[in-house]
S.K.: 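Before I ask anything, let me first share the structure, which is written out below as C-alpha cells.
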Amino acid sequence: MRSPLFEAARENDVPGMSLQNGKMLRVRFNGEFLARQGAMVAYQGNVDFAYKGSGGLGKFLKKAVTGEGAPLMSVTGQGDVFLARDAWDVHLIDLEGDSLTVNGENILAFEPGLNWDIQRVQGAGMAAGGLFNTVFTGHGRIAIACHGSPVLLNVDQPTFADTDAAVAWSTSLRTGVRRTAKAGALIGRGSGEAFQLSFEGQGFVLVQASEGAPVPQAASG
C-alpha cells in the first residue's frame, strides 16, 4: 500500500515539539510538557494526562480575576502525543533567553523549562477592559495555534492591531491602547470596536486572520 501519508509519518522522526502538518503538533518526549486541556487528538506510548489548572495558586487567582490564561494539562511519560485545536494553524516559536507575550487563547503547548506568568498589558487600563496576556521567559519552545493564517509584522514604525487578533508580540515593545470611538464601528472586524493595541519600539507582532472562533450564542426561547 502506498500513500504520501506513509512517507510523511516516516520523515517526521524528530524528538521534542515538531509540526506533523500545518494543523497538528507532534511531541516526541520522555518526561513532561504542558499543553492546552482538551488539545490531545491521539497518542502512542506510556502517557499520562493530569489537570494543571493555571499553574499555581497565584496564577489561579490571576486567571479568576482577569479571565486570561489557558486551561492546562500536564503530560508525562514517554511516547508521541499529537495536539491540535479545531484545525487552527500551528506555529512553533523558540525562546533563547528572551521573552514573549502570548494571548492565552492561542497557547497550544510549551516546554516545562519556560517561566510564565499572567500580566496586564502595559498601557491597557480598565477603560479598555483591563487587557491581560501570558508572558513566557527563558529557554524553550512554545506551540501556538492561530485561527487562520497569521501575518508577522516587524515593528519599525507605530503599529496597531485588533485586541483579539493580536496573537503574540515581543515583550521589548512598548504597548498601549488607542481609542477610536468615532470610527469604532468601521475599522475593526467586530461590531462597534473602539480600541486597538498599539506597539512601538523594535520587535514583532503576530496577528491572526480572525478574532478567534465565534462564541456560541444561547438559543432564544
Side-chain angles (χ1 to χ4, degrees), residues 8-9 11-56 59-60 62-63 66-119 132-150 152 164 166-171 204 206-208 210 212-213:
E11 290 174 0
N12 189 7
D13 198 27
V14 180
M17 292 185 180
S18 61
L19 295 181
Q20 179 66 25
N21 54 55
K23 308 291 186 181
M24 188 178 298
L25 175 72
R26 176 179 181 174
V27 185
R28 171 160 290 180
F29 77 113
N30 182 5
E32 179 186 12
F33 69 94
L34 298 172
R36 185 178 193 87
Q37 186 178 353
M40 185 275 295
V41 295
Y43 68 91
Q44 294 178 305
N46 184 17
V47 181
D48 289 319
F49 302 87
Y51 177 65
K52 189 70 174 179
S54 294
K59 293 171 185 172
F60 174 79
K62 286 184 181 180
K63 176 177 172 59
T66 65
E68 175 60 22
L72 297 175
M73 60 182 179
S74 173
V75 187
T76 57
Q78 181 178 8
D80 293 337
V81 178
F82 299 86
L83 304 167
R85 185 176 185 197
D86 299 324
W88 289 17
D89 291 349
V90 180
H91 301 273
L92 299 175
I93 299 177
D94 291 313
L95 294 189
E96 299 174 335
D98 41 4
S99 298
L100 181 71
T101 299
V102 184
N103 188 329
E105 281 295 310
N106 299 96
I107 298 170
L108 183 62
F110 58 93
E111 295 179 343
L114 289 167
N115 296 316
W116 61 283
D117 196 10
I118 299 171
Q119 297 182 11
F132 296 83
N133 277 325
T134 305
V135 178
F136 292 91
T137 306
H139 292 80
R141 177 164 284 188
I142 305 169
I144 60 174
C146 299
H147 192 246
S149 298
L152 184 69
D164 292 318
V167 172
W169 60 87
S170 309
T171 54
F204 71 88
L206 186 66
V207 181
Q208 64 186 5
S210 168

S.K.: Check whether any side-chain heavy atom of Tyr43 sits under 4.5 Å from a side-chain heavy atom of Val75, and report yes or no.
M.R.: no
S.K.: Residues in side chain to side chain contact (heavy atoms under 4.5 Å, CB included) with Ser170, at least two apart?
M.R.: Ser172, Leu173, Phe204
S.K.: List the residues meeting side chain to side chain contact (heavy atoms under 4.5 Å, CB included) with Leu92, not counting sequence neighbours, and say none if there are none.
M.R.: Met17, Leu19, Leu25, Arg141, Ala143
S.K.: Quick check: closest heavy atoms across Pro150 and Leu206, and the distance to 0.1 Å?
M.R.: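 The answer is CB-CD1, 3.7 Å.
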S.K.: Between Cys146 and His91, which heavy-atom pair has the shortest distance, and what is it?
M.R.: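 Closest approach of Cys146 to His91: SG-CD2, 4.0 Å.
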S.K.: Got a second to check how far Asn106's CG is from Ile142's CD1, nearest 0.5 Å?
M.R.: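 Reported value, rounded in 0.5 Å steps: 12.0 Å.
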S.K.: If we only count heavy atoms from C-beta on, is the Trp88 to Leu108 side-chain gap below 4.5 Å?
M.R.: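 Not in contact.
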S.K.: Measuring from atom CD1 of Ile144 to atom CZ of Arg36, what distance do you get when rounded to the nearest 0.5 angstrom?
M.R.: 12.5 Å
S.K.: Once you round to the nearest 0.5 Å, how far does CG of Asp94 lie from CG of Leu100?
M.R.: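 The distance works out to 11.0 Å.
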S.K.: Enter the distance from Asn103:CG to Asn133:CG here, rounded to the nearest 0.5 Å.
M.R.: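 Reported value, rounded in 0.5 Å steps: 5.0 Å.
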S.K.: For Val135, what residues pass the side chain to side chain contact (heavy atoms under 4.5 Å, CB included) criterion, not counting sequence neighbours?
M.R.: Thr101, Gln119, Thr137, Thr171
S.K.: With rounding to the nearest 0.5 Å, note down the distance linking CG in Asp98 to NE2 in His139.
M.R.: 7.5 Å
S.K.: To the nearest 0.5 angstrom, please state how far the CD atom of Gln20 sits from the CZ atom of Phe82.
M.R.: 5.0 Å
S.K.: Just wondering, do Phe110 and Val102 contact through their side chains at under 4.5 Å, heavy atoms?
M.R.: no
S.K.: For residues 38-47, which residue pairs qualify under salt bridge (Lys or Arg N to Asp or Glu O under 4.0 Å), counting only residues two or more places apart or in two chains?
M.R.: none
S.K.: Do the side chains of Phe136 and Ile93 get nearer than 4.5 Å, heavy atoms only?
M.R.: no
S.K.: Quick one: list whatever passes salt bridge (Lys or Arg N to Asp or Glu O under 4.0 Å) with Asp80, sequence neighbours left out.
M.R.: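 With sequence neighbours excluded, Asp80 shows a salt bridge (Lys or Arg N to Asp or Glu O under 4.0 Å) to Arg26, Arg28, given in chain and number order.
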S.K.: List for me each residue that meets side chain to side chain contact (heavy atoms under 4.5 Å, CB included) alongside Thr76, sequence neighbours excluded, and say none if there are none.
M.R.: Glu32, Asp48, Ser74
S.K.: When you measure from the side chain of Asp89 to the backbone of Ser149, do you find a donor-acceptor pair of N or O atoms at a distance under 3.5 Å?
M.R.: yes
S.K.: Check Leu83 against Ala109 and note the closest heavy-atom contact, atom names and distance.
M.R.: CD1-CB, 3.8 Å
